[in-house]
There are 2 protein chains.
Amino acid sequence: MADATTATAPIHHEVLAAVLQVRQGTLRVLLWQRAMEPHAHRWSLPGGLLRMDEDVETSIRRQLAEKVDVRQVSHVEQLAVFSAPDRTPGARVIASAFLCLVPSHLDPELPGDTEWHQLESLPDTAFDHRAIAVRARDRLRAKLSYTNIGFALAPPAFTISALRELYSAALGYRVSATNLQRVLSRRGLLEPTGRTTRPGRAGGRPAAEFRFADASMAVTDAFAVLKPPGQQR
Amino acid sequence: MADATTATAPIHHEVLAAVLQVRQGTLRVLLWQRAMEPHAHRWSLPGGLLRMDEDVETSIRRQLAEKVDVRQVSHVEQLAVFSAPDRTPGARVIASAFLCLVPSHLDPELPGDTEWHQLESLPDTAFDHRAIAVRARDRLRAKLSYTNIGFALAPPAFTISALRELYSAALGYRVSATNLQRVLSRRGLLEPTGRTTRPGRAGGRPAAEFRFADASMAVTDAFAVLKPPGQQR
DNA sequence: CCAAAAGTGTTTGGATTACACCCATGA
DNA sequence: TCATGGGTGTAATCCAAACACTTTTGG
């Protein structure tokens, strides 16, 4: 409601999450289907209004808890503000959008109105949520190249070929297991668990198991060019 | 999505700009000195409250016009939202922060309360504005490596050694003119104007003049690793 | 002719891709 | 022993940093 002491009409602030996970070999985003107008039946990103006592990151974690167990979210980062005056009908709402990741081995319980949708074939989306989801996908793809963010898509332990499938699904093209292992190893991101997995019925050599050395995001390939002098990579 | 009838206290939304320019060989940020409480006498980033009819980028360009001629701003991009509930005393204000760049050959008229401050030795700053300025600096430094963003720091035409000084000032370490030229040339970012500059009193070979081929930001070194197959750089 | 500044040639090291080949297992 | 999938060796390519050397000017 309007505050009589302010000269401007109130602007509401919401937080929205593009929660991404690799499922069944494709990159997917969590969407819920709106029951009511506006944009009834269309699919929306989870989120909601910011509360007075929380910053935007605290808020998105709280709101996400209504859709998925927050402890299953392995990474949260700000994407951008979406603020077009007409991005929603009626009262003005500014959105702070987030990229959130869930590791592939988890399968959170979901409310009935919620589903994982392939990013490459999104259904009818509400408001500007399609643009937000696409932005999240692009941010993830870029960061797979120069950060250790793969840890947030992968289970605690994995084989190189399992990791290759995660990277391939997220990036949208086939990644070579050989090169993936070398790039991540040279950067010191991977460490062997010492264990191996048993081959399937078809046989084959048992695969060595690895884990990511760190479970928080760090830039691993900064200053690709124009490095400070005397600092060969 | 927001329900406009929710009874929450109003949250104000402001936009803030970290306007950066290389001046006298160092990277600087535009700050104005607050006259009134809160944080009187401390230095602030330019900006102000968002209006009902503008998105955040439109707003920051409008507000900036009060401090510098907006036509002199060569690049504007969103940095992040700063939303800690106690980031300002009194009514809650959420800030959308921007990185803005001004080319080095311009010297905008400034209001009396406004000055360019070295980023490496900031004065007492108001609120969380120091953190925002530092974030802007870091973003600029990262993007100098993998985008053509140098165009936004440089005049329309320049010599390689002038460009080297801009990059050195922005990055905070000495960049080699030889390698700078080769990196930017290989990426097709530089084109010769055909003209040369006259050497100073001390003599020396006349320097060739160059310009940037594009005047809007583009990523020039994406997919540093894990490139799609068959796509050698 | 010398100093100064700009520009080019070349070497070196490193990173990444691509691909051939070897290893360990189930049947 | 063979098919299968995992893992390692290695060559080819490309990029960028470093530095020596050449070019063009003013005095």
Side-chain angles (χ1 to χ4, degrees), chain A residues 144-147 150 157-168 171 173-210 219-233, chain B residues 144-146 150 157-168 171 173-210 220-233:
Chain A
L144 282 170
S145 180
Y146 67 93
T147 73
F158 47 82
T159 64
I160 296 297
S161 53
L163 192 64
R164 178 180 68 85
E165 276 165 36
L166 293 177
Y167 272 75
S168 297
L171 289 170
Y173 54 79
R174 180 148 291 262
V175 172
S176 132
T178 302
N179 296 331
L180 179 63
Q181 177 173 23
R182 296 212 185 151
V183 166
L184 298 184
S185 295
R186 178 152 19 76
R187 295 181 179 175
L189 305 188
L190 291 184
E191 42 189 43
T193 66
R195 287 174 304 181
T196 55
T197 58
R198 284 226 301 284
R201 302 133 191 67
R205 177 169 167 175
E209 236 185 35
F210 291 85
V219 173
T220 58
D221 194 29
F223 294 117
V225 296
L226 302 177
K227 277 182 278 301
Q231 251 178 255
Q232 284 286 7
R233 206 188 306 206
Chain B
L144 283 170
S145 178
Y146 67 94
F158 47 82
T159 64
I160 296 297
S161 53
L163 192 63
R164 179 179 69 86
E165 278 166 34
L166 293 178
Y167 271 75
S168 298
L171 289 171
Y173 53 80
R174 179 148 292 262
V175 173
S176 134
T178 302
N179 296 331
L180 179 63
Q181 177 173 23
R182 295 208 185 155
V183 166
L184 299 184
S185 295
R186 189 186 3 257
R187 296 181 179 175
L189 305 187
L190 291 185
E191 41 189 43
T193 66
R195 288 174 303 181
T196 56
T197 58
R198 285 225 302 283
R201 302 132 192 69
R205 178 170 168 172
E209 236 185 36
F210 292 85
T220 58
D221 193 29
F223 294 118
V225 295
L226 303 178
K227 276 182 278 299
Q231 252 178 255
Q232 283 286 7
R233 205 187 310 205

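Sequence lines set the chain letters: A, B, ... in the order given, protein chains first and strands last, and positions in each chain run from 1.
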With a non-hydrogen cut-off below 4.0 angstrom, is A:Ala177 in contact with a base, only sugar-phosphate, or nothing? nothing
Pairwise side-chain contact, B:Leu184 with B:Leu163, heavy-atom cut-off 4.5 Å (strictly under): yes
Could a donor-acceptor pair under 3.5 angstrom be found where the side chain of A:Arg186 meets the base of C:dG14? no
Of all the choices, D:dA16, C:dT16, D:dG7, which nucleotide is nearest to the side chain of A:Val225 once you look at every atom? D:dA16
Expressed as a whole number of angstroms, how long is the span from B:Lys227:NZ to C:dA15:C1'? 9 Å
Please report, rounded to the nearest Å, how far the C1' atom of C:dT8 is from the CD1 atom of B:Ile160. 13 Å
Any side-chain N or O of B:Ser176 less than 4.0 Å from the OP1 or OP2 oxygen of D:dA17? no
For residues A:Leu190 and A:Ile160, determine if any side-chain heavy atom of one lies less than 4.5 Å from a side-chain heavy atom of the other. yes
Nearest whole Å is fine: how far is C:dA6 P from B:Arg195 CZ? 17 Å
Under a 4.5 Å cut-off applied to non-hydrogen side-chain atoms, are A:Thr220 and A:Leu189 in contact? yes
Go nucleotide by nucleotide along DNA chain C from the 5' end; which of B:Gln181 and A:Leu180 gets its closest nucleotide reached first? B:Gln181
In the structure I gave you, are the side-chain heavy atoms of A:Gln181 and A:Arg164 within less than 4.5 Å of one another anywhere? no
Check whether any side-chain heavy atom of B:Leu180 lies under 4.5 Å from a side-chain heavy atom of B:Tyr167, and answer yes or no. yes
When you match A:Leu226 and A:Ala207 each to their closest nucleotide on DNA chain D, which lands nearer the 5' end? A:Ala207
Listing request: all salt bridge (charged side-chain N to carboxylate O under 4.0 Å, His left out) pairs with a residue in residues 191-207 of chain B, at least two apart in sequence or in separate chains. B:Glu191-B:Arg211, B:Arg195-B:Glu209
Within this structure, what is the CG-to-P distance between B:Asn179 and D:dC14, rounded to whole angstrom? 19 Å
I need the CZ-P distance between A:Arg164 and C:dA18, as an integer number of Å. 14 Å
Using a cut-off of under 3.5 Å, enumerate the N/O to N/O pairs linking the protein to nucleotides 25-27 of chain D.
residue : atom : partner  : partner atom : Å
D:dT25  : O2   : B:Gly204 : N            : 2.8
D:dG26  : O3'  : B:Arg201 : O            : 2.9
D:dG27  : OP1  : B:Arg201 : O            : 3.4

Sub-3.5 Å donor-acceptor pair from the side chain of B:Thr159 to the main-chain atoms of B:Ala207, do we have one? no
So does A:Arg182 reach the base of D:dG7 with its side chain, donor to acceptor, closer than 3.5 Å? no
To the side chain of A:Arg187, which of C:dT16, D:dA16, D:dC19 is closest? C:dT16
